[in-house]
S.K.: 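Before anything else, here's the structure in question.
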Amino acid sequence: MNDKLITEDLNVINGISERLGYGPGKMLETLMYIESNTAEFTLGELRSFYHVMSEFRKLFQPKVTA
């Protein structure tokens with residue numbers, strides 16, 4: 001994972017959260033809003049959204065043990 005890129009993308013999502021008036025600590029609400037209202041966002045914002053979602057999904061994947 002490119003730490004610099006995910007940090008930049010998280011900053012984009014945090015900026016959207018502030019713009020929406022959610023305030024700090026509302027990442028889930030922001031991601032849900034973006035997912036439901038994609039037409040309101042630029043392609044750059046959506047790229048950040050999809051990258052963040054992809055990385056978050058990896059956190060919840062079952063660990064393969066064998």
S.K.: For G23 and S17, work out which heavy atoms get closest and say how close.
M.R.: O-OG, 3.2 Å

S.K.: Please report the interatomic distance CZ(F49) to OG1(T30), rounded to the nearest 0.5 Å.
M.R.: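 Answer for the CZ-OG1 pair, F49 versus T30, is 10.5 Å.
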
S.K.: Could you check if a side-chain atom of L46 sits within less than 4.5 angstrom of a side-chain atom of I34, using non-hydrogen atoms only?
M.R.: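 Answer yes - side chains close enough.
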
S.K.: For M32, give me all partners under side-chain contact (heavy atoms from CB on, under 4.5 Å), at least two apart in sequence or on another chain.
M.R.: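 Partners of M32 under the side-chain contact (heavy atoms from CB on, under 4.5 Å) test: L28.
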
S.K.: How long is the gap from CD on E29 to CG on L20, to the nearest 0.5 Å?
M.R.: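 So the CD of E29 and the CG of L20 are separated by 11.0 Å.
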
S.K.: Report the residues that fulfil side-chain contact (heavy atoms from CB on, under 4.5 Å) with S54, sequence neighbours left out, ordered by chain and then residue number.
M.R.: K58

S.K.: For E40, give me all partners under side-chain hydrogen bond (donor to acceptor under 3.5 Å, both in side chains), at least two apart in sequence or on another chain.
M.R.: Y33

S.K.: State, to 0.1 Å, how close S48 and I13 come at their nearest heavy-atom pair, and which atoms those are.
M.R.: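 The pair with the smallest heavy-atom distance is C-CD1, 4.3 Å.
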
S.K.: For R19, what residues pass the side-chain hydrogen bond (donor to acceptor under 3.5 Å, both in side chains) criterion, not counting sequence neighbours?
M.R.: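 Partners of R19 under the side-chain hydrogen bond (donor to acceptor under 3.5 Å, both in side chains) test: E45.
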
S.K.: Could you tell me the separation between the CZ atom of F41 and the CD atom of E35, rounded to the nearest 0.5 Å?
M.R.: 11.5 Å

S.K.: What pairs with F56 under side-chain contact (heavy atoms from CB on, under 4.5 Å), at least two apart in sequence or on another chain?
M.R.: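 With sequence neighbours excluded, F56 shows a side-chain contact (heavy atoms from CB on, under 4.5 Å) to L10, M27, L31, V52, L59, given in chain and number order.
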
S.K.: Which pairs with one or both residues in residues 6-18 pass salt bridge (Lys or Arg N to Asp or Glu O under 4.0 Å), sequence neighbours excluded?
M.R.: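 Those involving residues 6-18 are D9-R47.
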
